[in-house]
Chemist: 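Input: one structure, supplied below.
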Amino acid sequence: MSTLFSLSKEGSSGDHEGLALKETRITPIRRSGRRKLFVITGIAGTIVVVLALALGLGLGLGLKKTSNMSYVTTNSSFLLDQNFVVTNITTTRYYEFVISEATGSPNGFERTMLVVNNQFPGPLVEVNSGDELVVNVFNQLPNGTTIHWHGQLQNGTNYMDGTNGITQCPIPPGMNFTYRFTINPSQYGTFWYHAHASTQYTDGIYGPLVIHSPSEPIFGQYDRDALVILSDWYDVMSSGLLTQYLSSAGIDGSNYGGVNPGAEPPPDSGLINGKMNGSSFDLEPNLSYRLRIINMGTLTEFMFSVDSHVLSVVEADGISIEPVNVHRVPIHVAQRYSVILTTNQTAGSYNVRGEMQSSCYKLSNPNLNTMVLATMTYGASPTTPNTQDWSDAIPALCLDLNSTMIVPQIAMDPPNSTDVVQVFMSFQQTIQSGGTQTLAFMNSTSWLSDTTNPTLLQMSKAGIQTTFDSNQLVVVNDNITVFDLILNNYDDASHPFHLHGHVFWILGEGDGSYTSGVSQLSTTNPPRRDTLTLPGYGWVAIRFITDNPGLWAFHCHIGWHMAAGLLMQFADLPGQIQQLQIPSYLSDQCAQQGGGVVAN
Ligand code: C2O
């Protein structure tokens, strides 16, 4: 185990920068006042300075232009195009994604980021249910990457799930991978995509995926559509933070009041639609807007609200729910909610709030401003709002919206379960040859991705009797099984868990350990979703059907935790896995990996 987390090659997105970009490497230093300071290394850097001085250019401007990394564009409008035709007639939609490093400053502090098509957040993918989606992903990073389509069922196309070490090998630098799959005709609503290799998405590889359908219960019942992308943000690359987080000393505690092995790095900022306190929603009066809120963050649960406007929640993770009015919506990492907001108050500007629930962190960052603001304006020209937050107290519980508020509009009672899996998650100090590490465990397994032989390929070759290495916890079932998955939390913090390839029912949750007894579980139209929050020192019971051939990750979506091993897998219908039409380029790219097991 000693070398498992020594970050080399894939998975540590920052490692190779020094090599690849040596000539014009620019290391940003935190701004002091309004002046930007840079440390420049290498010969080209010296030339840049000389040129900049000689030409009398402003230093920041001169350096930006001569860096070999392009500057990130922030999308300016997050209103969806009203001309998009929502229809049952399906088509094929093509996108090209170029994944690269770029320089950007979403929170005002310039750094290297990882981005899609030089945009942050990444471009909107917009489809109708049943459409075929083709995304050709070109990897221009110095490391391998994958793109995962969060929440997509991928029925029959498990190999397009984009999960490093499970459904594919990382796309090698300089190569491309074509994701081609059909959006399940039963799915509609708000989704997203993100890199699924190490903590790469933390550095910016994420964007929205919206699926329209005339069958969606809310179709035609609102006037306009807008995106609200919430994320937490770090001033430095995640790869370095991950190395510290996994090390015996933990992350450098000097900023956070001491040494804290096992504590996650707290973010430096929060963003709404890719900006700290700068996004604006320019709306029209007297219309109803569907705000599609997506938490694309790494660690942070947000509390979302708009001053003076009641929000009617109508969707949770792609499932339409009976409208419920709230002042604030708690949203954990990877979850989505749609809310209807009506622009029927006094014309003017209002605060849109994404309040970061920093009490859920193990470490606090004194420099973090947890109140992330955007401006919503209608019927007037935008000004800085002086509107008041709702006065009702915010419960600091780090929990989901109460499940009694999540009532699916299309009622569905789960079938009776045919099997039960009990899983315990914990963090444990493990002794390695190089010292101790805090790793995350599902039962007694701490996941480590096999980036040359993903579990899908292993099973497609060996079938049901596949034996996996000791870093994989895989529950294999060759019949269609209705699982009750009981997940117990031996950690004090709450964790947003996501199951790939399925929508599960939430049957119950509670404090302490689950003690069997059907009375605790509700099976009458329970909430259905793909990401739920497991309470600190608590349990959840979910039910799902193993009817989707493939290897499906079930993991905590906190980037740091997945990279520390908080992931297990379900293998549905192995007999059918062997018949999946896995494209040959997938296995070819596995043969092109450097070899060996590397970091998640
Ligand atoms: Cu949103 Cu395993 O991912």
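Throughout, numbering of the chain's residues begins at 1 and tracks the sequence. All figures in this text were calculated on a predicted structure; none of them were measured in a lab. Atoms within each ligand, like the ligands themselves, are counted from 1 in listed order.
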Chemist: Determine, stepwise, if the pair Gln154 / Thr167 fulfils side-chain contact (heavy atoms from CB on, under 4.5 Å).
Modeler: CA-CA 11 Å; Gln154 300 284 11; Thr167 64; over 6 Å; no
Chemist: Enumerate the side-chain hydrogen bond (donor to acceptor under 3.5 Å, both in side chains) contacts for residues 542-552, please, sequence neighbours excluded, ordered by first and then second residue.
Modeler: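 Non-adjacent pairs meeting side-chain hydrogen bond (donor to acceptor under 3.5 Å, both in side chains): Asp484-Arg543.
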Chemist: Determine, for Lys362 against Asp491, whether the closest basic-nitrogen to carboxylate-oxygen distance falls under 4.0 angstrom.
Modeler: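 Salt bridge between Lys362 and Asp491, a charged N being under 4.0 Å from a carboxylate O: yes.
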Chemist: Enumerate the protein N/O/S atoms at a distance below 2.8 Å from atom 2 (Cu) of ligand 1, ignoring waters.
Modeler: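 Hits for atom 2 (Cu) of ligand 1 below 2.8 Å: His196 NE2, His500 NE2, His555 NE2.
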Chemist: If the threshold is 4.0 Å, N to carboxylate O, is there a salt bridge linking Arg290 and Glu315?
Modeler: yes
Chemist: Yes or no on ring-ring contact (aromatic ring centres under 6.0 Å, His included) for His502 and Phe483, after CA distance, side-chain angles and deciding distance?
Modeler: CA-CA 12 Å; His502 300 77; Phe483 266 128; 9.6 Å; no
Chemist: Return the CG to CD1 distance between Asp400 and Ile506, rounded to the nearest 0.5 Å.
Modeler: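 Rounded to the nearest 0.5 Å, the CG-CD1 separation comes out at 6.5 Å.
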